[in-house]
Amino acid sequence: MLPQDFINRTKRLLQDEYDAFEKASGMLPPVSIRMNPHKSLSGNLSGRYEKIPWCETGYILPERPSFTFDPLFHAGAYYVQEASSMFLEQAVACIMKADHSLRDKITTLDLCAAPGGKSTHLLTLLPERSLLVSNETIRSRSMILAENITKWGSPHHITTHNDPKDFGKLKHLFDIILADLPCSGEGMFRKDAAGRDEWSIENVKLCASRQRRIIYDVWESLKPGGWLIYSTCTFNTEENEDNVYELANELGAEIIPIPVKPEWNIAGASGRNIPVYRFFFHRTRGEGFFLALMRKNKNPAGGRPIITGHKDRKQTVTVPTELKHMLTEPEKFAFFTDGKPPTGNASGKRTGTASGHQARHTLPTGQVYAIPEEHKDIYRFLAGRLKIMAAGVTLGEYKGLDFVPSVSLALNTGINPEAFPAVDLSYDNAIRYLQKESIALPDHTPKGYILLTYRHTALGFVKNIGNRANNLYPQEWRIRSRKNLSL
């Protein structure tokens, strides 16, 4: 049952459309996915599934499969996401068309990013040399965010766990800020019974106030002429039109229209004559969603961002040749470590393969990270100011005489396919691997670290020691259910 106060308010909002809305609110929401264009997936989805018109890589499925038991889901070949929120693609396209200075390299902040749907979408949409900083305030959710971004496979990211006010100190750093703000969640009532039960007018007002505070907290980090994408998954005007109108007036921003096609059936503003975009159950295939695009005044005082300073504690390190060989284009990366740096490479001080041999000096320790060369200064700058959960590609970790490759490397699209022997698993073995069970490798498989794939899409590593293979899939990522379902 919908709360009576919500019914009364939504009737005033929708007027003669309310009956259609109420009927749609009792229907099951559609299931939609967004494909990862940088990872393989066989089959012509365009011919099999309904295309989402505002998203080039989005599809609506006829029914909900068991995503948990699809290895390609865990490999980051696609992301399960509400169709309405994929409208983000049109906002980014509008920015790219309007702002020619952003055609090559964009620094973007996804402020409230967990679980990662919009961040993975941005990693597909932004120009190749761009950097995405994805943030989540709640630590447990930031770990899920880091996992999903790692699986998507792009090295052009930094994932953080910070309060929004921490970003306000990074003056004029970002070209785009996406603020998908915590809200009263009215647009998710079809799938969130607890949200319906907890809804109240008081909570709507509390959410609206918190949303304004969050935008104020981060506004200084947006460059002059920069872009703010404001979105919620709720219907009321307090959290949507009213906030957008007041923020634009108070902060000196212009609300920018986004081109849409009439057949998409997206609703406009309610109560104010401003260009905003609303998704309702009864109008579009998807959940409730609201989006507005704002542009900051081009000429506020303050000048260019400064990304150097005394807190830049991270220093690049030289890594052995065999580690560089793990990437297809190592010359495009700078390398960092959180332990004792590796010393010696082709000079012969450290020799052997990725599995490691006895070195002639004290062995390095800790994890080794590869950050795209063009982002290394911002990475060093942010490392002294924010709580970084993940960044770039984690190549692996030194453990005694061994260098253990990371699942981040396995899933990253920049991995050198010739760096490790690969074994393509059957469906049953892929599920066993993802459950972190032992699997049998073909008799001819060499010893050492083996890259496992399913349908030639990477899943992770095992270490083959001959009589068995040690499963290196992260314990916290494993499929916990023991029921092996067919897709």
Side-chain angles (χ1 to χ4, degrees), residues 106-116 118-120 122-123 126 129-171 173-179 217-218 221 305-317 319 327 332-341 364-398 406-409 411-412 414 474 476-477:
I106 303 174
T107 303
T108 300
L109 170 64
D110 185 354
L111 181 62
C112 311
K118 293 180 180 65
S119 279
T120 54
L122 285 168
L123 287 169
L126 296 173
R129 297 177 59 240
S130 299
L131 173 67
L132 174 66
V133 178
S134 299
N135 180 69
E136 172 54 45
T137 301
I138 301 172
R139 180 170 174 79
S140 59
R141 286 171 56 82
S142 70
M143 295 174 70
I144 296 171
L145 172 66
E147 175 185 341
N148 286 330
I149 291 178
T150 297
K151 289 178 176 179
W152 202 249
S154 170
H156 297 277
H157 77 92
I158 298 173
T159 304
T160 61
H161 160 50
N162 282 82
D163 189 273
K165 66 183 178 183
D166 296 332
F167 291 92
K169 303 170 187 177
L170 311 176
K171 192 166 186 176
L173 182 62
F174 299 105
D175 300 295
I176 299 173
I177 294 178
L178 166 61
D217 282 344
V218 301
S221 68
I306 299 174
I307 55 170
T308 59
H310 68 281
K311 291 186 178 181
D312 299 343
R313 299 165 185 160
K314 292 283 186 180
Q315 300 296 325
T316 58
V317 296
V319 299
L327 297 171
K332 292 185 177 182
F333 290 86
F335 297 90
F336 297 82
T337 181
D338 62 2
K340 185 182 297 180
T365 59
Q367 292 185 317
V368 177
Y369 308 90
I371 307 295
E373 182 72 28
E374 56 222 339
H375 307 323
K376 69 177 182 182
D377 290 339
I378 291 183
Y379 171 69
R380 292 175 58 208
F381 175 76
L382 295 181
R385 293 159 175 82
L386 301 177
K387 301 171 186 175
I388 293 181
M389 304 291 293
V393 188
T394 303
L395 295 184
E397 182 176 7
Y398 283 104
S406 166
V407 68
S408 170
L409 174 64
L411 296 169
N412 200 274
E476 62 273 18
W477 290 11

Check the pair Ile158 / Leu132 against side-chain contact (heavy atoms from CB on, under 4.5 Å), numbers first and verdict last.
-> CA-CA 6 Å; Ile158 298 173; Leu132 174 66; over 6 Å; no
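- Contact check for Arg139 versus Met389: side-chain heavy atoms found under the 4.5 Å cut-off.
- Distance check: Asp110 CG to Ser119 OG gives 3.5 Å after rounding to the nearest 0.5 Å.
- Checking side-chain atoms of Thr365 against main-chain N and O of Lys340 turns up a donor-acceptor pair under 3.5 Å.
- The side chain to side chain contact (heavy atoms under 4.5 Å, CB included) check on Ser406 picks up Thr394, Ser408, with sequence neighbours excluded.
- With sequence neighbours excluded, the residues satisfying side chain to side chain contact (heavy atoms under 4.5 Å, CB included) with Ala390 are Ala146, His157, Thr159.
- In this structure, CD1 in Ile371 is found 10.5 Å from NE2 in His156, a value given to the nearest 0.5 Å.
- From Lys118, atom NZ reaches atom CG of Leu123 across 14.0 Å, with rounding to the nearest 0.5 Å.
- Taking the salt bridge (charged side-chain N to carboxylate O under 4.0 Å, His left out) definition, one finds that Glu397 meets it with nothing, sequence neighbours left out.
- With sequence neighbours excluded, the residues forming a side chain to side chain donor-acceptor pair (under 3.5 Å) with Thr120 are Arg34, listed by chain and number.
- Here the CZ-CD1 distance, from Phe381 to Ile378, works out to 9.0 Å after rounding to the nearest 0.5 Å.
- Looking only at side-chain heavy atoms (C-beta outward), Tyr398 and Val368 come within less than 4.5 Å of each other.
- Scanning for side chain to side chain donor-acceptor pair (under 3.5 Å) contacts around Asp338 gives Tyr369, with sequence neighbours left out.
- A 4.5 Å side-chain heavy-atom check between Val133 and Leu173 finds every atom pair outside the cut-off.
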Tell me, with the steps shown, if Asn412 and Thr150 meet side-chain contact (heavy atoms from CB on, under 4.5 Å).
-> CA-CA 7 Å; Asn412 200 274; Thr150 297; over 6 Å; no
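- Not counting sequence neighbours, the partners of Asp175 by the side chain to side chain donor-acceptor pair (under 3.5 Å) test are Lys223.
- A distance of 12.5 Å separates OG of Ser142 from CD1 of Ile388, quoted to the nearest 0.5 Å.
- With rounding to the nearest 0.5 Å, the separation of CG in Leu145 from NE2 in His161 is 11.5 Å.
- For Asn135, the side chain to side chain contact (heavy atoms under 4.5 Å, CB included) partners at least two apart in sequence or on another chain are Leu109, Leu111, Thr137, Thr160, Asn162, Phe167.
- A search for salt bridge (charged side-chain N to carboxylate O under 4.0 Å, His left out) contacts involving Arg141 returns Glu136, not counting sequence neighbours.
- Each of Glu374, His375, Glu373 was compared with Arg129 under the side-chain contact (heavy atoms from CB on, under 4.5 Å) criterion, and only Glu374 meets it.
- When the side chain to side chain contact (heavy atoms under 4.5 Å, CB included) test is applied to Ser130, the partners found at least two apart in sequence or on another chain are Ile106, Leu126, Pro127.
- Taking the side chain as every heavy atom from C-beta outward, Arg385 and Leu170 approach each other to under 4.5 Å.
- Here the closest non-hydrogen pair linking Ala113 and Ser134 is CB-CB, 4.0 Å.
- Thr337 and Gln367 make their closest contact through OG1-O, 2.8 Å (heavy atoms, listed as atom of the first residue, atom of the second, distance).
- Among residues two or more places apart in sequence or in another chain, the salt bridge (charged side-chain N to carboxylate O under 4.0 Å, His left out) test is passed with Lys332 by Glu329.
- Applying the salt bridge (charged side-chain N to carboxylate O under 4.0 Å, His left out) rule to Asp217 yields the partners Arg213; only residues at least two apart in sequence or on another chain are considered.
- Tyr379 meets the ring-ring contact (aromatic ring centres under 6.0 Å, His included) test with Phe336; sequence neighbours excluded.
- For the residue pair Val393 and Phe333, the shortest heavy atom distance occurs at CG2-CE2, 4.3 Å.
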